[in-house]
Amino acid sequence: MDADSATHVIKGTAAVSLLGGLAGATYGAIKRQPPIVLGTATALNSGLSAFVFFGTREYIVKPGWQSLQNQQQVSGEPAFEQPPYSTVRSRRTEGVPETIIAGSLTGGILNAWKHGPKAAVSGTLTWAIVTGLIHTGYNQLRLARIQYVSNRLESTAGPSTDPAFSISPQHPPPSRDVSTRIMDIMTWIAPVKKLSDEEYLEIMRRKQAEVDARIRQLDRELSKGHKPRSSDDSRDV
């Protein structure tokens with residue numbers, strides 16, 4: 001299991017709670033109601049929902065999804081997920097299936113708890129759509145930042161020869177001003193460290209190297225007829 005799962009749950013819950021509290025306080029001020037009371041109430045409600053969502057995603061859906069991928073690779077059947085960071089399309093959809101599944105489970109559970117079993121279906125569909133769209137938009141912002149950093153480095157050091165970071169001009173990213181402002185706002189809201197463009201690109205390249213090494217390891221184990229080890233087993237060795 002990913003050692004950063006707890007950190008992801010805490011950060012995600014804190015960010016959503018903060019957004020919910022700000023939204024509730026703003027609504028209270030507009031309606032001339034106690035903003036502190038409404039802000040606190042919405043922060044608690046949104047934080048509880050976020051905790052259930054991120055906990056379900058990190059500790060139930062992601063391990064199950066990874067196990068399913070390993071089983072697909074062992075049986076020789078095509079995996080549902082494309083290798084990450086290999087194409088623009090796979091980068092746009094990275095983590096989205098897990099988010100949709102976790103969102104549907106969370107929405108169904110919370111709606112059934114608050115409004116009865118009949119509301120589970122509507123909660124499942126609504127949460128699946130909303131969380132999937134939010135994660136897709138987040139991936140698009142990350143992709144836009146990678147494109148911007150790559151273009152800036154190419155302008156100073158020549159064209160990049162790394163195919164993993166080459167993006168087709170047919171899919172132009174959002175403008176520098178819009179994407180950068182949105183990322184700045186998200187960084188200010190979420191309790192995370194803001195990275196420079198060079199640091200961010202270096203992290204993405206390290207992830208690409210890790211993925212390539214993992215794929216080579218799986219290929220070697222499959223060629224020998226062995227069951228591929230999960231990432232958790234590799235860390236325990």
Side-chain angles (χ1 to χ4, degrees), residues 1-16 46-87 89-114 117 119-140 142 190 192 204 206-208 210-222 225-237:
M1 187 173 295
D2 190 352
D4 294 332
S5 294
T7 302
H8 294 161
V9 173
I10 293 172
K11 288 182 177 181
T13 302
V16 173
S46 59
L48 176 60
S49 301
F51 180 79
V52 175
F53 167 75
F54 287 108
T56 301
R57 185 180 189 275
E58 295 296 324
Y59 291 103
I60 298 177
V61 177
K62 286 183 69 175
W65 186 265
Q66 183 61 46
S67 176
L68 181 62
Q69 295 300 304
N70 291 338
Q71 291 177 4
Q72 292 287 327
Q73 292 168 345
V74 170
S75 62
E77 298 177 7
F80 293 112
E81 187 177 12
Q82 299 180 7
Y85 302 109
S86 60
T87 64
R89 180 180 178 184
S90 63
R91 274 177 256 167
R92 285 199 180 107
T93 59
E94 181 202 358
V96 174
E98 298 97 307
T99 295
I100 292 177
I101 295 173
S104 63
L105 291 175
T106 303
I109 293 172
L110 293 179
N111 258 30
W113 175 49
K114 293 180 179 179
V121 175
S122 62
T124 297
L125 295 176
T126 302
W127 274 69
I129 294 172
V130 172
T131 55
L133 290 176
I134 291 175
H135 198 137
T136 301
Y138 174 73
N139 285 351
Q140 186 63 37
R142 293 175 60 199
V192 296
M204 300 298 290
R206 284 201 302 266
K207 286 186 178 181
Q208 170 68 35
E210 292 174 1
V211 170
D212 291 341
R214 177 60 177 158
I215 293 175
R216 289 194 296 269
Q217 178 186 357
L218 290 173
D219 289 339
R220 289 195 299 269
E221 293 180 358
L222 287 173
H226 296 159
K227 179 180 179 181
R229 295 180 300 173
S230 64
S231 57
D232 297 335
D233 297 336
S234 300
R235 283 195 291 268
D236 293 338
V237 175

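This is a predicted model, so every value here is computed, not measured.
L105 CG to W127 CH2: the interatomic distance, rounded to the nearest 0.5 Å, is 11.5 Å. Atom CD1 in I129 sits 12.0 Å away from atom CD1 in I134 (nearest 0.5 Å). Taking OG1 of T56 as the start and NZ of K62 as the end, the distance is 13.0 Å to the nearest 0.5 Å. Rounding to the nearest 0.5 Å gives a distance of 12.0 Å between OG1 of T13 and NE2 of H8. Within the model, atoms CZ of F51 and CD1 of I10 stand 8.5 Å from one another, a figure rounded to the nearest 0.5 Å.
Counting only distance, with no hydrogens or angles, the side chain of Y138 and the backbone of L133 share no donor-acceptor pair below 3.5 Å. Side-chain atoms of H135 come within 3.5 Å of backbone N or O of E94 as a donor-acceptor pair. For S67 (side chain) and P63 (main-chain N/O), no donor-acceptor pair under 3.5 Å exists by modelled atom type.
Between A119 and S122, the shortest heavy-atom contact is O-OG, 3.0 Å. In plain terms, the two heavy atoms of A50 and G12 that are nearest each other are CB-O, 4.4 Å.
Listed by chain and residue number, V16 satisfy the side-chain contact (heavy atoms from CB on, under 4.5 Å) test with S46 (two or more places apart in sequence, or in another chain). Applying the side chain to side chain donor-acceptor pair (under 3.5 Å) test to T106 and every residue at least two apart in sequence or in another chain returns nothing. For I109, there are no side-chain contact (heavy atoms from CB on, under 4.5 Å) partners at least two apart in sequence or on another chain.
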After noting the C-alpha distance and the side-chain angles of T136 and T93, does the key distance pass the side chain to side chain contact (heavy atoms under 4.5 Å, CB included) rule? CA-CA 6 Å; T136 301; T93 59; over 6 Å; no

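Each of V61, V9, T99, L110 was evaluated against F53; a single residue qualifies, T99, per the side-chain contact (heavy atoms from CB on, under 4.5 Å) test.
You'll find the side chain of E98 stays beyond 4.5 Å of the side chain of I101, heavy atoms only.
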